[in-house]
Amino acid sequence: MHTSRVNAPTESRRYNNLLHRADEEFDFSALWATLPGGACHTPFQSPCFLDSFVRTIAPRHGMRLHICEVRDTDTGSPVAMFPYAVHKRGPVRIASVPDMGLADQAGPVLANGHSIPQEDFRSIWAAFTGELRGVDLVDIDKIPPRIGERDNPLHRLDACEPSGEMLALDLTAGSDATWRRKSVYKTVRSKEKRLSETGVTFHQTQNPRESLDLFEALKRQRHRRFHSIGRMDSLESRPGFTDFYRSVASNASTGGSVMAFCLKTGDDIVAAYLAFADRTVMNGVLISIGDDKWHCCSPGMVLTAKVIDWSQKNGLKTFCFGTGMQDYKLRFGGSPAEMRRLSQPLTPIGRLFTVARQLKQGTF
């Protein structure tokens with residue numbers, strides 16, 4: 001682990017930036033624990049996610065991962081962390097929240113015990129980007145409006161622009177929630193009854209070995225399913241994805257940031273589900289269904305509904321369906337949340353890259 005200090009004054013208060021270079025021995029949990037009141041982050045800036053990213057994805061892409069720790073100079077306490085990775089697209093050096101197609105949400109890591117006014121955050125962000133060296137463009141996509149129960153200050157920066165939507169369920173309304181009256185839940189109850197009559201039960205993995213075994217079953221099921229419909233499976237086509245999910249599955253636990261669920265009968269996995277979570281949010285990331293004989297009972301829909309139920313019963317407040325607006329997600333009644341993208345050129349080559357991308361997308 002390498003750490004260096006950069007002084008970064010803001011307009012309204014003074015903050016110091018402390019820069020950490022993360023390697024495979026870096027202890028993200030220890031650093032996050034220094035934030036007063038604990039760390040507030042999306043499920044995709046958890047220590048487990050970042051640790052697995054450093055070990056499996058960064059080396060394959062020649063990426064450097066850093067943490068910019070922002071401290072209040074009056075108290076010496078950290079108030080926020082900015083995890084970022086630097087990668088290259090041709091000659092362009094791009095800094096982003098660690099993602100490479102693996103993260104559904106992006107944002108800073110905030111101290112639960114400290115509130116940063118938005119005007120201060122703008123100054124902190126300007127100081128952070130102003131200190132970046134060897135970077136042509138800051139490019140962060142999939143920025144949600146909220147991080148847990150707090151506004152996402154990154155979402156409110158002027159440089160952010162709309163980049164799509166994500167469906168989410170508000171779990172705080174309990175059994176009276178409007179989405180509970182959707183017809184899909186009646187269908188799911190009927191299908192669940194049929195599965196139950198054949199001995200199928202809902203199960204959450206209890207230890208890393210069990211979670212890793214479930215991921216291997218999920219991977220085999222996805223391969224068979226995608227091959228049968230002639231589609232490419234991202235677990236196989238994208239370098240490091242399988243190793244990444246093996247790493248996070250090996251850290252899954254009943255109360256941790258990675259959770260694994262399934263429908264099973266004996267040793268037969270009927271459907272499998274992998275999710276990332278924080279204190280208030282569950283975000284599904286991978287799902288698979290097993291043998292064709294189960295398809296008439298819609299095990300994927302049943303398992304999704306069971307995970308939603310589990311999340312609500314265990315006090316989580318939001319269930320996110322991840323990226324994409326597939327029909328099955330709409331059937332569950334989620335509300336769309338606007339996601340944003342921040343593209344901030346820092347050099348002339350960064351500006352040229354941004355203009356070229358806008359021209360290609362027809363947004364210039």
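All values reported here derive from a predicted model rather than from experimental measurement.
Heavy atoms of other residues, nucleotides or ligands lying less than 6.0 angstrom from NZ of K317 number 12 at most. At most 12 non-hydrogen atoms from other residues, nucleotides or ligands lie less than 6.0 angstrom from CZ of R231. The 12-atom threshold is exceeded at CZ of R341, counting heavy atoms of other residues, nucleotides or ligands nearer than 6.0 Å.
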After noting the C-alpha distance and the side-chain angles of Y15 and V79, does the key distance pass the side chain to side chain contact (heavy atoms under 4.5 Å, CB included) rule? CA-CA 9 Å; Y15 294 88; V79 297; 3.9 Å; yes

Verify side chain to side chain contact (heavy atoms under 4.5 Å, CB included) between F49 and L102, making sure each step is shown before the conclusion. CA-CA 9 Å; F49 182 97; L102 291 161; 4.0 Å; yes

Quick one: do L132 and V138 satisfy side chain to side chain contact (heavy atoms under 4.5 Å, CB included)? Show the steps, please. CA-CA 9 Å; L132 290 174; V138 179; 3.7 Å; yes

Take L263 and F202, measure what side chain to side chain contact (heavy atoms under 4.5 Å, CB included) needs, and give me the verdict at the end. CA-CA 5 Å; L263 296 175; F202 174 69; 4.1 Å; yes

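Using the six-membered ring where Trp is involved, W32 and F28 have ring planes that are perpendicular, over 60° apart on the 30 and 60° scheme. The aromatic rings of F319 and Y273 are tilted relative to each other, their planes meeting at an angle between 30° and 60°. Ring planes of Y245 and F276: tilted class, angle from 30 to 60°. The aromatic rings of Y84 and H66 lie parallel to each other, with less than 30° between the two planes, well short of the 60° mark.
Heavy-atom minimum distance, L35 versus A39: CD1-CB, 3.8 Å. The two residues S96 and D139 come nearest to each other via the heavy atoms OG-O, 2.8 Å. Closest heavy-atom contact between S250 and S247: OG-O, 2.6 Å. Counting all heavy atoms, side chain and backbone alike, S288 lies closest to R222 at CB-CG, 3.9 Å. Taking each heavy atom of R71 and G76 in turn, the nearest pair found is CD-O, 3.8 Å. In terms of heavy atoms, D170 sits closest to W179 at O-NE1, 3.1 Å.
The CD atom of Q221 lies 9.5 Å from the SG atom of C262; values are rounded to the nearest 0.5 Å. Note that CG of L316 and CG of L169 are 12.0 Å apart. Values are rounded to the nearest 0.5 Å. Annotation: the span from I94 atom CD1 to K88 atom NZ amounts to 10.5 Å, rounded to 0.5 Å. Put simply, OG on S257 and CD on Q45 are 11.5 Å apart, with the number rounded to the nearest 0.5 Å. From R194, atom CZ reaches atom CD of E197 across 8.5 Å, with rounding to the nearest 0.5 Å. Expressed to the nearest 0.5 Å, how far CG of L303 lies from NZ of K264 amounts to 13.0 Å.
You'll find the side chain of H20 reaches within 4.5 Å of the side chain of E69, heavy atoms only. With a 4.5 Å cut-off on side-chain heavy atoms, Q344 and L137 do not count as touching. Looking at L110 and N112, their side chains never come closer than 4.5 Å, going by heavy atoms from C-beta outward. For the pair W294 and T198, the minimum side-chain heavy-atom distance is below 4.5 Å. Side-chain contact between R351 and L346 is absent, with no heavy atoms from C-beta onward closer than 4.5 Å. Using a 4.5 Å heavy-atom threshold, the side chains of T34 and P78 count as touching. Within the 4.5 Å cutoff, the side chain of F82 has no heavy atoms near those of the T129 side chain. The shortest distance between side-chain heavy atoms of I147 and P108 falls below 4.5 Å.
Clustering ILVMFWY residues whenever any of their side-chain heavy atoms sit less than 4.5 angstrom apart, transitively, puts M301 in the very cluster that holds L330. Note on I287: it does not cluster hydrophobically with M166, by side-chain heavy-atom contacts below 4.5 Å among ILVMFWY residues. Cluster annotation: L218 is connected to F244 through the hydrophobic network of ILVMFWY side chains, with a link wherever side-chain heavy atoms come within less than 4.5 Å. Linking ILVMFWY side-chain heavy atoms closer than 4.5 Å, directly or via other members, places L171 and F332 in a single hydrophobic cluster. Linking ILVMFWY side-chain heavy atoms closer than 4.5 Å, directly or via other members, places I269 and M259 in two distinct hydrophobic clusters.
A cation-pi contact, defined as under 6.0 Å to the ring centre and within 45° of the axis, is absent between R246 and F215. Taking the ring centre of F321 as origin, the terminal cationic atom of K329 falls outside the region bounded by 6.0 Å and 45° from the ring axis.
No donor-acceptor contact under 3.5 angstrom links the side chains of N16 and T73, judged on distance only. Residues Q105 and R146 have side chains that never bring a donor and an acceptor to within less than 3.5 angstrom of each other. Side-chain contact check for D136 and T347: at least one donor-acceptor pair (N or O, by modelled atom type) lies under 3.5 Å. For R357 and S343, the side-chain atoms include at least one donor-acceptor pair closer than 3.5 Å. No side-chain N or O of S77 forms a donor-acceptor pair with one of D72 less than 3.5 Å apart.
Using a cutoff of 4.0 Å between basic side-chain nitrogens and carboxylate oxygens, D309 and R180 are scored as salt-bridged. Under the 4.0 Å criterion applied to side-chain N and carboxylate O atoms, R340 and D141 are not assigned as salt-bridge partners. Under the 4.0 Å criterion applied to side-chain N and carboxylate O atoms, R60 and D243 are assigned as salt-bridge partners. Residues D51 and R55 are paired through a salt bridge, judged by an N-O separation under 4.0 Å between the basic side chain and the carboxylate. Under the 4.0 Å criterion applied to side-chain N and carboxylate O atoms, E192 and K306 are assigned as salt-bridge partners. In summary, K142 and D99 engage in a salt bridge, as defined by a charged side-chain N under 4.0 Å from a carboxylate O.
Without hydrogens or angle criteria, S211 side chain to T205 main chain gives no donor-acceptor distance under 3.5 Å. D233 places no side-chain N or O within donor-acceptor distance of the main-chain N or O of E236, the cut-off being under 3.5 Å. Put simply, the side chain of T265 never gets that close to the backbone of D268: no donor and acceptor are under 3.5 Å apart. Panel note: side chain H295, backbone G290; a donor-acceptor pair is recorded below 3.5 Å. Using modelled atom types, one side-chain atom of H155 and one backbone atom of E338 make a donor-acceptor pair closer than 3.5 Å.
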